[in-house]
Number of protein chains: 2
Amino acid sequence: MNKYHQIYSDIVADIDNQRFVQDDKIPSESELMLSYEASRGTVRKAVDMLQERGYVQKIHGKGVFVLKPGNIEFQLSGIVSFQEMNERMGRKVESQVVELAEVAADAALSKAMRLAEGAPLVKIKRVRNIDGENVILDVNHFVAALVSGLSREVAAGSIYRYIEQQLGLTISYSQRIIEAQPCSDDDRRYLDLNGMDHVIVVKNLTHLYDGRLFEYTESRHRLDKFYFTDIARR
Amino acid sequence: MNKYHQIYSDIVADIDNQRFVQDDKIPSESELMLSYEASRGTVRKAVDMLQERGYVQKIHGKGVFVLKPGNIEFQLSGIVSFQEMNERMGRKVESQVVELAEVAADAALSKAMRLAEGAPLVKIKRVRNIDGENVILDVNHFVAALVSGLSREVAAGSIYRYIEQQLGLTISYSQRIIEAQPCSDDDRRYLDLNGMDHVIVVKNLTHLYDGRLFEYTESRHRLDKFYFTDIARR
DNA sequence: CTTGATTTGTGCGTATGTATG
DNA sequence: GCATACATACGCACAAATCAA
């Protein structure tokens with residue numbers, strides 16, 4: 001682990017464990033320089049990361065103040081998979097793979113993914129059950145050339161973990177689009193909709209470190225189970 | 001304008017105006033150092049900002065590559081007001097102020113805003129009309145002690161502009177929550193719902209530079225007119 | 001009102017490491 | 001091996017905001 005990353009994650013841990021609580025001032029740059037035997041630039045990089053990710057607010061001439069109340073579920077910005085998120089929140093979650101097939105990119109997909117029409121994809125459809133109700137339908141499309149060996153066993157667990165740890169690919173960033181859509185036939189077939197006629201769709205275009213797109217996913221959420229939060233800065 | 005900010009905004013302009021297009025490599029750090037007579041740290045800070053905001057992707061040993069296709073409506077992360085956003089997209093937009101009153105914080109508001117119950121607030125309710133339809137209902141609650149002189153004339157324009165330019169306050173960050181809710185009576189009264197029974201609610205807790213909360217806003221969108229996009233990083 | 005101490009902001013320079021081609 | 005390009009880390013100087021003496 002890098003030095004700045006060490007400082008960063010130590011302070012994150014201090015906030016999560018309530019050693020620093022909301023409105024506390026964290027140690028000044030010079031104090032951190034001493035305690036970590038680091039240069040000012042290194043310390044500043046760590047604190048800048050904390051601010052970007054919504055943990056703290058720096059105020060010129062005063063200090064650096066903690067924003068979040070301790071630990072909490074707060075899903076700040078970042079790519080977090082369904083599996084990772086719900087593990088953190090301690091919910092009873094099950095995934096059921098209802099489809100896994102090799103398909104060719106149709107017109108809509110090839111446009112969205114900027115791929116040649118007919119390019120081979122692996123399509124996975126999963127139903128997410130939270131506390132006894134089917135509330136999310138995930139439809140993934142992976143670029144077959146990049147992601148090999150996707151089985152039902154892998155799909156039942158965390159696909160991201162498989163991709164990063166087994167295939168050794170580095171996931172870097174994702175463009176995310178959130179919108180509402182009328183329910184599709186699939187929604188009605190797989191989800192417990194309780195009469196609701198729309199779903200919230202989170203589209204994800206996920207890219208590797210070198211910029212190659214490797215996945216297009218639609219995550220279709222029942223209206224009353226959707227929740228998204230982040231921190232925006234001017 | 002700072003030096004790093006100058007470099008940053010020059011490159012943003014180059015991307016928006018398609019002088020750099022998707023997958024182009026921008027000048028290397030050493031080239032930017034020469035052309036701006038800047039140190040490496042300054043150049044790197046500018047490029048880091050570009051990456052954080054989703055304009056580029058840095059790849060170790062190769063260069064820095066442009067992600068976005070030129071200009072476009074892409075609503076990247078950041079606090080952008082309704083007014084600012086639609087001005088960019090060239091839409092025909094009208095705002096109607098349907099309520100403006102001094103109120104006291106009730107239990108729900110005082111909890112959400114972490115204020116004393118009964119604290120004085122300025123409540124503004126506005127209907128947003130886009131291309132002839134009422135599709136957004138904005139309900140703002142400003143802390144009266146911080147935001148004075150809010151009139152109907154100000155509310156009809158950009159309140160943010162008034163706050164920053166007239167009152168001289170610096171808006172810094174905002175916690176944003178997105179979720180769906182069943183329609184309220186107000187939604188039915190003010191919006192053209194076309195039979196839809198839910199709205200998407202964007203809650204904003206906006207803070208000043210010194211960390212003081214000055215606004216709680218609910219922006220209630222008709223399902224089919226809601227759209228949100230950003231870039232998430234690992 | 002002024003001064004000084006503290007703290008963050010901006011900018012410079014340098015050295016060394018690591019990934020790519 | 002070598003050149004190029006980004007990554008990490010160190011150091012220094014001065015500016016600007018805040019606060020207390």
Side-chain angles (χ1 to χ4, degrees), chain A residues 1-11 20 23-53 55-67 168-173 207-212 233-234, chain B residues 1-11 20 23-53 55-67 168-173 207-212 233-234:
Chain A
M1 180 131 48
N2 298 328
K3 212 160 180 177
Y4 70 81
H5 198 279
Q6 184 65 56
I7 301 173
Y8 163 82
S9 49
D10 282 358
I11 298 175
F20 297 141
D23 299 331
D24 273 3
K25 190 156 73 161
I26 70 170
S28 72
E29 290 174 357
S30 47
E31 287 170 320
L32 290 171
M33 285 168 67
L34 289 174
S35 61
Y36 282 96
E37 291 181 318
S39 71
R40 191 158 168 232
T42 304
V43 167
R44 281 180 62 78
K45 173 143 191 174
V47 177
D48 285 348
M49 284 173 63
L50 289 167
Q51 166 153 314
E52 280 157 33
R53 300 178 190 199
Y55 288 101
V56 301
Q57 170 76 4
K58 300 164 73 168
I59 301 185
H60 193 169
K62 292 184 80 169
V64 178
F65 299 86
V66 175
L67 290 181
L169 299 174
T170 307
I171 295 166
S172 171
Y173 68 94
H207 300 255
L208 299 177
Y209 174 69
D210 64 4
R212 285 181 296 177
R233 293 189 173 272
R234 259 293 209 206
Chain B
M1 180 131 47
N2 298 331
K3 209 160 182 177
Y4 70 82
H5 198 280
Q6 184 65 54
I7 301 173
Y8 165 81
S9 50
D10 282 357
I11 297 175
F20 296 140
D23 299 330
D24 274 2
K25 189 157 73 161
I26 70 170
S28 72
E29 291 174 357
S30 48
E31 287 169 320
L32 290 171
M33 285 170 68
L34 289 173
S35 60
Y36 282 96
E37 291 181 318
S39 71
R40 181 135 181 254
T42 304
V43 166
R44 280 180 61 79
K45 174 144 188 170
V47 177
D48 285 348
M49 286 172 63
L50 288 167
Q51 167 153 314
E52 279 157 35
R53 299 179 190 199
Y55 288 100
V56 300
Q57 171 76 4
K58 298 163 73 167
I59 300 184
H60 195 164
K62 293 182 81 168
V64 179
F65 298 86
V66 175
L67 291 181
L169 298 174
T170 307
I171 295 166
S172 170
Y173 68 95
H207 299 255
L208 300 176
Y209 174 67
D210 64 4
R212 284 181 296 178
R233 290 187 176 276
R234 259 293 209 209

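Quick note on labels: first sequence line is chain A, next is B, and so on, each numbered from 1.
A/Tyr36 meets the ring-ring contact (aromatic ring centres under 6.0 Å, His included) test with no other residue; sequence neighbours excluded. Among residues two or more places apart in sequence or in another chain, the side chain to side chain donor-acceptor pair (under 3.5 Å) test is passed with A/Ser9 by none. In terms of the side chain to side chain donor-acceptor pair (under 3.5 Å) criterion, B/Lys62 has no residue partners (sequence neighbours excluded). Under the salt bridge (Lys or Arg N to Asp or Glu O under 4.0 Å) criterion, A/Asp23 pairs with no residue at all, not counting sequence neighbours. By the ring-ring contact (aromatic ring centres under 6.0 Å, His included) test, B/Phe65 pairs with no residue at all, sequence neighbours left out. Remark: B/Glu31 engages B/Ser28 in a side chain to side chain donor-acceptor pair (under 3.5 Å) (not counting sequence neighbours). Residues satisfying the side chain to side chain donor-acceptor pair (under 3.5 Å) test with B/Ser35, not counting sequence neighbours, are none. Here A/Lys45 pairs with A/Tyr4 under the side chain to side chain contact (heavy atoms under 4.5 Å, CB included) rule; sequence neighbours left out. For B/His60, the ring-ring contact (aromatic ring centres under 6.0 Å, His included) criterion is met by no residue, not counting sequence neighbours.
Taking 4.0 angstrom as the limit, A/Thr42 places none of its side-chain polar atoms (N or O) nearer than this to OP1 or OP2 of D/dT8.
Among the heavy atoms of the strands, none lies under 4.0 Å from A/Val47. Among the atoms of the strands shown, none is found under 4.0 Å from any heavy atom of B/Gly41. Residue-level contact check: B/Glu37 touches the backbone only, with heavy atoms under 4.0 Å from sugar-phosphate atoms and none from bases. Using a 4.0 Å heavy-atom distance criterion, B/Gln57 is classed as making no nucleic acid contact.
Distance A/Tyr36 OH to D/dT8 C1': 17 Å, rounded to the nearest Å. Atom P of nucleotide D/dT4 and atom CD of B/Glu29 are separated by 15 Å, given to the nearest angstrom. Between the CE atom of A/Met49 and the P atom of D/dA9 there is a distance of 11 Å, rounded to whole Å.
Pairing each heavy atom of B/Val47 with each of B/Val56, the nearest pair is O-CG2, 4.2 Å. Contact between A/Lys25 and A/Gly63 at its shortest, heavy atoms only, is CD-CA, 3.9 Å.
Listed by residue number, there are no residues of residues 1-11 of chain B with a heavy-atom contact under 4.0 Å to DNA chain D.
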Nucleotide by nucleotide, 5' to 3', does protein get under 4.0 Å of the base (B), only the sugar-phosphate (S), or neither (-) in nucleotides 15-21 of chain D, counting heavy atoms?
-BBSS--

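Once you apply a 4.0 Å limit to the heavy atoms of chain B, the touched nucleotides of DNA chain C run 5' to 3' over C/dT10 to C/dG21.
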